[in-house]
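Note that the structure is predicted; figures quoted are calculated from it, not measured. Residue numbers begin at 1 in each chain, while the letters A, B, ... track the order of the sequences.
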Amino acid sequence: MSTFITTEKRTHYCGSVSIADDGREVILMGWAHRRRDHGGVIFVDLRDREGIVQIVFNPEAGQTVHGEAHRIRNEYVLAVKGTVRKRPEGMTNPALSTGQVEVVISELEILNESKTPPFSFDDEDISENIRLKYRYLDLRRPAIQQNLFLRSRLASATRHYFEENGFIEVETPFLTKSTPEGARDYLVPSRISKGMFYALPQSPQIFKQLLMVSGFDRYYQIVKCFRDEDLRADRQPEFTQIDVEMSFISEEDIMRMMEGLMARIFKACLDREISLPLPRLTYADAINRYGKDNPDLRFGMEIVDLTSIVKNSGFKLFADVSASGGVIKAVRAEQASGLSRKDLDGLTDFVAIYGAKGLAWAKVNEADWTSPIFKFLQAGEVSAINEAMAAKPGDIIFFVADTPRIVHDSLGNLRLNLAKKLNLIDPDALAFTWITEFPLMEYSESEKRYVSTHHPFTSPFLEDLSLMSTDPGKVRARAYDLVLNGSEIGGGSIRIHQKDVQSQVFSVLGLSDEEARLKFGFLLDALEYGTPPHGGLAFGLDRLTMIMTKAESIRDVIAFPKTQKAACLLSDAPSRVGIEQLMDLSLKIV
RNA sequence: GGGGUCGUAGUUAAGUUGGUUAUAACGCCGGCCUGUCACGCCGGAGGGCGCGAGUUCAAGUCUCGUCCGCUCCGCCA
């Protein structure tokens, strides 16, 4: 074989050959995307990461080259030398960015052959298990490559932004200490200390706070985090955070700095302008108006509280729910009377997922309602509801009556479901909102104690401190989430920097001084050595990339993702290990 | 842990009320073809229906179990 590759250098990417190169000799290397062999002339679409260009083998080019070109099959790896030529009249291909030109080949070297791939790279609906098993081939598909290119630009823009603003990137350990609060840890057994385990970090939370104690003042890191919890379409067991912490700052400073980051990222990656400052919503407002702490603000359809209108209603269900401390709320789907009875039954099943025992609906007419509950309501109630909902003929009102928790869950998700069904969402919209004033802790029925909403180092509102002993659920946290298009893309808080406040929080969480020492002793010690006021936040880089690429699954923005059972179909991880490895670690499988 | 859904040639799918040799398209292989670009034309190979039991004269088709993918609830400070 010749030594094309060692003596010659590639001059262009396939996708970057243009009409400006007309007449120029170029050297290209890439994969045979498709061949069209006419017996005489042979066309090959040559593909690399930048795109596709048509290369042409004419019989006149010579026996050797033409003969070799007959051997080309899909996905063969080629090196070619040839001359760029404007395509003959009427033979351009507008579907191709390089469709004005073609490259007439004078030299060819087949650098490598390829087995027939298990699936076509044009086909969009290949089952995911096949794609994941042959992920290296799946990643040849331009659509996924584009996602990863964008992800890289996102990370790059992030680094530039933080460097310009005086942040230092510091790496924190992956082999670290298991922390009891929060998600389940991935554990790594220690060989040297028998029976002991490291944990992979759920986030670098404590370490970045320690860096503030050390005086680094502004820290960031693009870092893998690990959580051993069940997966979702937007959750992987290992995922990437843009992790940030700052000293001598308040909420305002951090939120401004992060808004700047968002503006930079969207400008750099998508050339989109974000108007700042970003809107804000308190947690309580978000729940009351949208039923969720990650509301999708790309459309309206706000939840309306009807409890005061119907609490004394002749409709027993409403009256009973109200009397037992529940609420009656509703959303209005504009001009949705096209929904069939079957659709409505489907929606009832849908809200049942969130614990709702039923879903009442009312089609609004000129004078009355078409509704199973119409006959139970007085005329005054109907008109009051119509007014509260701003209902117009053709609208449908959906009611849920239950505990606040179930009502918000049901209607919050119903709102999303309806918006998709009724096409209310502009796919290009970017609806940011900060969510502020989260509760510091919530009572956990399963654990029979208060648990942190965010994490135990989150600072309470100082003016709420007196509630700590009397009504801990009412204490607000100095925490903030950033939500984009209904997805929580980041969250953080001002941290506790005084030891006595930290002790108070631990005690409400049911952690004794002794336990707290055992679990977080090193952080508590550090807090006693001149800790500056500090706070920070972390963004989910994967989720942000998902939104920016309009990916439906987090797997489409991760090169080598895991399945819902947390398995890697490519490498076959996790897998059994040999007895020797287990013995080294003093482990026994039970 | 639970709910839903899927599994039939390499791929994507079709397979009626269980009934001879399990279809199609694309891909693959061979032949022909000098302007195609989802090239075209002719011919061919390729699976026993995720796996395991069961019902039946007879099972992709019914039953049970099991595995895998996806999705949701719980979970994810």
Side-chain angles (χ1 to χ4, degrees), chain A residues 33-46 52-61 66 70 73-75 85 87-96 98-99 102 104 115-134 137 179-185 202-203 205-206 225-237 239 349-356 409-410 413 417 438-442 444-447 450-458 477 479 488 491-493 505 509 520 538 540 552-553 555 562-565 567 569:
Chain A
H33 189 65
R34 217 191 301 280
R35 84 194 150 99
R36 291 175 293 280
D37 185 340
H38 289 236
V41 66
I42 299 169
F43 300 98
V44 174
D45 291 336
L46 194 65
I52 286 175
V53 69
Q54 173 166 281
I55 62 178
V56 186
F57 297 90
N58 279 315
E60 295 82 41
H66 196 256
H70 274 299
R73 293 292 180 274
N74 284 351
E75 299 307 307
R85 179 172 82 181
R87 290 202 193 183
E89 200 65 32
M91 289 171 190
T92 59
N93 182 356
L96 224 53
T98 60
E102 61 191 8
V104 184
K115 289 169 72 172
T116 303
F119 51 83
S120 153
F121 302 136
D122 295 326
D123 217 333
E124 279 303 313
D125 38 270
I126 303 296
S127 67
E128 200 146 355
N129 47 353
I130 303 279
R131 287 178 50 197
L132 291 178
K133 180 174 174 190
Y134 297 97
L137 297 181
T179 52
E181 300 276 317
R184 195 176 293 112
D185 287 321
Q202 298 170 27
S203 84
Q205 182 60 39
I206 292 175
C225 302
F226 306 86
R227 292 178 191 177
D228 189 2
E229 296 291 350
D230 288 334
L231 279 55
R232 285 289 188 282
D234 63 351
R235 274 174 14 202
Q236 283 272 303
F239 61 99
D349 294 341
F350 177 76
V351 295
I353 296 173
Y354 305 96
D409 247 17
S410 305
N413 287 299
N417 185 318
F438 280 84
L440 185 70
M441 40 189 110
E442 295 158 307
S444 162
E445 288 299 335
S446 59
E447 298 189 45
Y450 279 95
V451 296
S452 295
T453 305
H454 197 56
H455 61 59
F457 319 114
T458 300
E488 181 204 325
S493 64
V505 169
L509 291 175
F520 308 111
E552 284 186 10
S553 160
R555 295 180 296 280
K562 294 191 170 49
T563 67
Q564 202 183 26
K565 284 209 155 59
L569 298 182

Which of the following nucleotides, B:rU11, B:rC37, B:rC72, is nearest to the side chain of A:F119? B:rU11

Just by distance, do the side chain of A:R73 and the backbone of A:H70 share a donor-acceptor pair under 3.5 Å? yes

For the base of B:rU36 and the side-chain ring of A:H38, does the geometry meet a stacking cutoff of under 5.5 Å between centres and under 30° between planes? no

Strictly by Watson-Crick or wobble contacts shorter than 3.5 Å, is anything paired with B:rU20, and which nucleotide is it? none

Most 5' of A:V104 and A:A95 on RNA chain B, judged by nearest nucleotide: A:V104

Confirm from the modelled atom types if A:R87 and B:rC37 form a donor-acceptor pair under 3.5 Å, side chain to base only. yes

Suppose we define a pair by two distances each less than 3.5 Å, Watson-Crick or G-U wobble; what does B:rA25 pair with here? B:rU11

Checking ring-ring contact (aromatic ring centres under 6.0 Å, His included) for the pair A:F457/A:F520: CA distance, chi angles, key distance, verdict? CA-CA 10 Å; A:F457 319 114; A:F520 308 111; 5.2 Å; yes

Look through every strand shown and name the nucleotide pairing with B:rC32 as Watson-Crick or G-U wobble, where both distances are under 3.5 Å. B:rG40

Evaluate the criterion ring-ring contact (aromatic ring centres under 6.0 Å, His included) for residue pair A:F121 and A:H33; output intermediate values, then yes/no. CA-CA 9 Å; A:F121 302 136; A:H33 189 65; 7.1 Å; no

Give A:I130 one of three labels, base, sugar-phosphate or nothing, depending on what nucleic acid heavy atoms sit under 4.0 Å from its own. sugar-phosphate

Between P of B:rU71 and CD of A:E128, the distance in whole Å: 7 Å

Can you tell me which nucleotide in B:rG35, B:rC72, B:rU71 comes closest to the side chain of A:R232? B:rC72

Any N or O donor-acceptor pair under 3.5 Å from the base of B:rG27 to the side chain of A:N74? no

Under-3.5 Å donor-acceptor pair between A:R85 side chain and B:rG35 base: yes

Mind checking A:E60 for me? I need base, sugar-phosphate or nothing, with any heavy atom below 4.0 Å counting as a touch. base

Over how many whole Å does the gap from A:F57 atom CZ to B:rG35 atom C1' extend? 15 Å

For B:rU11 and B:rG27, measure between their C1' atoms and round to the nearest Å. 7 Å

Taking atom P of B:rU12 as reference, at what distance in whole Å does atom CZ of A:F121 sit? 14 Å

Among B:rC75, B:rC70, B:rC37, which nucleotide has an atom closest to any side-chain atom of A:N93? B:rC37

Does the B:rG35 base have a donor-acceptor partner in the side chain of A:E102 within less than 3.5 Å? yes

When you measure from the side chain of A:R85 to the backbone of A:V104, do you find a donor-acceptor pair of N or O atoms at a distance under 3.5 Å? no

Could you tell me whether the phosphate oxygens of B:rC29, OP1 or OP2, come under 4.0 Å of any side-chain nitrogen or oxygen in A:R73? yes

For A:N413, is there any backbone N or O sitting under 3.5 Å from a side-chain donor or acceptor partner on A:N417? no

Which one is paired to B:rA53, where only Watson-Crick or G-U wobble pairs with both distances under 3.5 angstrom count? B:rU63

I'd like the P distance from B:rG65 over to B:rG74, given in whole Å. 27 Å

Would A:D185 and A:R227 pass as an ion pair if we require N to O under 4.0 Å? no

Reckon A:D125 touches a base, only the sugar-phosphate, or nothing at all at heavy-atom distances under 4.0 Å? sugar-phosphate

Check every strand shown and say whether A:T92 touches a base, only sugar-phosphate, or nothing at a heavy-atom separation below 4.0 Å. base

Answer syn or anti for B:rG31, where the cut-off is 90° from 0 on the glycosidic torsion. anti

Any side-chain to backbone donor/acceptor pair from A:Q202 onto A:A183? Under 3.5 Å, distance only. yes

Return the value, rounded to whole Å, for the distance between atom CZ of A:R34 and atom P of B:rC26. 13 Å

Looking for any heavy atom pair under 4.0 Å, which part of the strands does A:T458 touch: base, sugar-phosphate only, or nothing? nothing

To the nearest angstrom, how far is A:Y354 atom OH from B:rC72 atom C1'? 7 Å

Note: A:K115-A:E75 ion pair, threshold 4.0 Å (strictly below): no

Spacing of the P atoms in B:rU61 and B:rG50 (rounded, Å): 8 Å

Taking syn as within 90° of 0 and anti otherwise, name the glycosidic form of B:rG60. syn

Has A:R131 got a side-chain N or O lying under 4.0 Å from the OP1 or OP2 atom of B:rC70? no

Answer with base, sugar-phosphate or nothing: what part of the nucleic acid does A:T453 contact at a heavy-atom distance below 4.0 Å? sugar-phosphate

Sugar-phosphate, base or nothing in reach of A:P118, heavy atoms under 4.0 Å: sugar-phosphate

Whole angstrom is fine here: how far is it from CG in A:D230 over to P in B:rG1? 9 Å

Between A:D45 and A:R36, is there a side-chain N and carboxylate O pair less than 4.0 Å apart? yes

Less than 4.0 angstrom between a side-chain N/O of A:R36 and OP1 or OP2 of B:rU36, yes or no? no

Touch class at under 4.0 angstrom, heavy-atom based, for A:Q54 against every strand present: base

Separation between the P atoms of B:rU56 and B:rG43, rounded to whole Å: 47 Å

A:Q564 CD to B:rC73 P: how many Å, rounded? 11 Å

By nearest atom, which of the nucleotides B:rG27, B:rU71, B:rG69 is closest to the A:T563 side chain? B:rG69

Provide the distance between the two P atoms, one in B:rG2 and one in B:rC68, to the nearest whole Å. 14 Å

Rounded distance in Å between the P positions of B:rU8 and B:rC70: 16 Å

If you measure from the C1' atom in B:rU16 to the same atom in B:rU12, how many Å do you get, rounded? 22 Å

Contact class for A:F457 (heavy atom, under 4.0 Å): base, sugar-phosphate, or nothing? nothing

Integer-rounded Å distance: B:rG2 P and A:D349 CG: 21 Å

Tell me if the side-chain of A:R235 makes a donor-acceptor pair with the base of B:rC76, cut-off 3.5 Å, by modelled atom types. yes

A:T453 side chain to A:P439 backbone, donor-acceptor under 3.5 Å: yes

Which whole number of Å gives the distance between the P atom of B:rC64 and that of B:rA24? 33 Å

Quick check, does A:F43 stack with B:rU36? I mean ring centres under 5.5 Å and planes off by under 30°. yes

Does a side-chain N or O from A:S127 land closer than 4.0 Å to OP1 or OP2 of B:rG69, or not? no

Determine which nucleotide pairs with B:rG48, using a 3.5 Å limit on both distances of a Watson-Crick or G-U wobble pair. none

